[in-house]
Amino acid sequence: MRQRTRVAIVGAGPAGMLLAHLLDAHGIESVIVETRSQAYVLARIRAGILEHSTVELLRSVGLGDRLDAEGLPHRGIYLQTPQERHHLDFVDLVGRQVWVYGQTEVQKDLVAARTRAGQAVYYGVADVELDDLTTDRPTVRFTDADGVQRTLEADAVAGCDGSFGPSRAAIPAAVTSVWERTYPYSWLGVLASVPPSTDELIYAWHPDGFAMHSMRSAQVSRLYLQVPNGTRVDEWSHDRIWEALSTRLGHTGWELAAGPITEAAVLPMRSFVQSPMRHGRLFLAGDAAHIVPPTGAKGLNLAVADVALLARALAALLVDGDAGPADAYSETALRRVWRCTHFSWWMTSMLHTSGDPFDAQLQMSQLRWLFSSTAGATGLAENYAGLPLDL
Ligand code: FAD
Ligand code: DHB
């Protein structure tokens, strides 16, 4: 069965759903295809921190109501070593801040808004294939949840299908460059039904390994521990997790409140960038084109920045007949991608223990510099709170 649409979007994660929302604001209709069920996509626990520009963008397109009511604005973060806990105030340093608002909540808001607008989404599809990408009628073929074979015939295809989707591989290897780094450690991430023991996030360097205290609400904590690659969740009892968190996050006169752990998972850490992010009428956005290690909370924010740029580029191309922004999309998006790739690598390298005593001395020196130098702290704040969207 053939179906005509302006933009075929592969993937209903935050990048795909937000792109559909932004295109709609330009009067451009789209159809989304997604391999998973809607319930699965809504339940995935992932990112938790929204940059200043992400929040401004969501508000500007009618997605800010629940975020403003339930999101937690944070002025900055705590960085610590076993000797010292130091607060960096982003508002004082760069006049911008961040919000704690889980990716699950962003996804809920997007699904609600798109459902109200009558967005066409095929969930539970299989055998997704992208064709005719260098023509002005690219297609996306798939089998829908009822087993019906369908073809979307579009003006453009947006590959928003994350790190394992088919869009990335649809760009011929001969024109593709890839940069990749796998880190020699992973994160054990837990969600716990216990009020956070801190008002703002704590990033802790410790000789046993990095630890972080984040949160999702006034009742729910999100915590992470550096663990060796290949660690299985069942190697870590809940008691062992709380003990390690308490040691690594430890600070004089401060105590970590423990509580029931409702979710635990091991997350590998990787940097990946694929260029170009455009091939003919296929445009990649979000994790489909790049992955950052989570330290620094950039993954979701980068996906949002990509689609903000892409929506503008597609509107210029499909509504005004101006190919300029679409031609510039990849190069413009990659400038921010590389800034965030560097920042995420830097935060990761500075805070995770490698076992090498020379590395540890360099890390301590770097942290002392951030604690004592306004210039150093401002650099971190500018990157963490996020650069303005380059629109
Ligand atoms: P995704 O959210 O991956 O969405 C892609 C969608 O495409 C998915 O719904 C997928 O099912 C779908 N798809 C895949 N294949 C196909 C196909 N063949 N056809 C159609 N659809 C397909 N970032 C942070 O900033 N902080 C964090 O703490 C953090 N934690 C993370 C934890 C995990 C386990 C992971 C995987 C990522 C985490 N990230 C984190 C990164 C952040 O969640 C991502 O950067 C963000 O989800 C990117 O959004 P996206 O829409 O580009 O990709
Ligand atoms: C969260 C994850 C991060 O990677 C980070 O740097 C900050 C917060 C979180 O899940 O809350």
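These numbers come from a predicted model, not from an experiment. Because only heavy atoms are used, hydrogens play no part in the values below, and waters and symmetry mates are left out as well, while side chains stay in.
- Remark: the Y101 side chain and the D109 side chain contain an N/O donor-acceptor pair separated by less than 3.5 Å.
- Looking at every heavy atom in both residues, M215 comes nearest to P196 through CB-CG, 3.5 Å.
- Between W99 and H52, the ring planes are perpendicular. Angles over 60° get that label, and only those under 30° would be called parallel.
- Side chain to side chain, T139 and E129 fail the donor-acceptor criterion of an N or O pair below 3.5 Å.
- Nearest approach of A289 to R168, heavy atoms of both residues: N-NH2, 4.4 Å.
- L50 has its side chain within reach of L300: a pair of non-hydrogen atoms, C-beta onward, lies under 4.5 Å apart.
- Side chain of T231 to backbone of P228: a donor-acceptor contact under 3.5 angstrom is found.
- Proximity of L57 to L18: side-chain heavy atoms (C-beta onward) are separated by under 4.5 Å at one or more points.
- Counting heavy atoms from C-beta outward, Q3 and R150 have side chains that approach closer than 4.5 Å.
- W236 and W242 have their aromatic ring centers separated by at least 6.0 angstrom.
- Residues Q226 and Y183 bring no donor and acceptor atom of their side chains to less than 3.5 Å of each other.
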Would K108 and E105 count as a salt bridge (charged side-chain N to carboxylate O under 4.0 Å, His left out) if you check the C-alpha gap in whole Å, the side-chain angles of each, and the deciding distance to 0.1 Å? CA-CA 5 Å; K108 262 187 231 164; E105 305 310 309; 3.2 Å; yes
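- Using a 4.5 Å heavy-atom threshold, the side chains of D161 and E34 count as separate.
- Applying the side chain to side chain donor-acceptor pair (under 3.5 Å) test between E200 and each of R75, H87, H74 identifies H87 as the sole match.
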For D155 and R281, run salt bridge (charged side-chain N to carboxylate O under 4.0 Å, His left out): C-alpha distance rounded to whole Å, both residues' side-chain angles, the deciding distance at 0.1 Å, then the answer. CA-CA 7 Å; D155 296 327; R281 287 286 177 109; 5.2 Å; no
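- When all heavy atoms of T341 and V273 are compared, the closest pair comes out as OG1-CG2, 3.7 Å.
- By the 30° and 60° cut-offs, the orientation of the rings of Y185 relative to H352 is parallel.
- E180 CD: more than 12 foreign heavy atoms inside a 6.0 Å radius.
- Side-chain contact annotation: D306 with H290, donor-acceptor N/O pair under 3.5 Å present.
- Here the side chains of P195 and Q219 are not in contact, with every heavy-atom distance at 4.5 Å or above.
- For the residue pair D199/Y78, the side-chain donor-acceptor check at 3.5 Å is satisfied.
- Using a 4.5 Å heavy-atom threshold, the side chains of Q363 and L351 count as separate.
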Let's go through W345 and W338 carefully: what are the C-alpha distance in whole Å and the side-chain angles of both, what is the deciding distance for ring pair (Phe, Tyr, Trp, His ring centres under 6.0 Å) to 0.1 Å, and is it a yes or a no? CA-CA 10 Å; W345 165 84; W338 277 112; over 10 Å; no
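- When every heavy atom of I28 is checked against every heavy atom of A315, the shortest pair comes out as CD1-CA, 3.6 Å.
- By the 4.5 Å heavy-atom criterion applied to side chains, Q107 and M17 are counted as neighbours.
- Not one N or O on the side chain of T198 forms a donor-acceptor pair closer than 3.5 Å with the backbone of L201.
- L223 places a side-chain heavy atom less than 4.5 Å from the side chain of L249.
- Shown here is E263, whose CD atom has more than 12 heavy atoms of other residues, nucleotides or ligands within 6.0 Å.
- Using a 4.0 Å cut-off between a side-chain N of Lys or Arg and a carboxylate O of Asp or Glu, E56 and R59 do not qualify as a salt bridge.
- Counting non-hydrogen atoms of neighbouring residues, nucleotides and ligands closer than 6.0 angstrom, the CD atom of E29 exceeds 12 such neighbours.
- One side chain, T54 or N301, offers a donor N or O that lies under 3.5 Å from an acceptor on the other.
- Applying the salt bridge (Lys or Arg N to Asp or Glu O under 4.0 Å) rule to E70 yields the partners R66; only residues at least two apart in sequence or on another chain are considered.
- Taking 4.0 Å as the cut-off between side-chain N and carboxylate O, E51 and K298 count as a salt-bridged pair.
- The aromatic rings of Y329 and F283 sit perpendicular to each other, their planes meeting at more than 60°, with 30° as the lower class boundary.
- Between F343 and Y384, the angle of the ring planes goes over 60°, which puts this pair in the perpendicular group of the 30/60° scheme.
- Annotation: R137, atom CZ; neighbour count of heavy atoms from other residues, nucleotides and ligands within 6.0 Å is above 12.
- Side chains of S53 and R96: a donor-acceptor N/O pair is present below 3.5 angstrom, by distance only.
- Residues passing the side chain to side chain donor-acceptor pair (under 3.5 Å) test with N229 are S186, sequence neighbours excluded.
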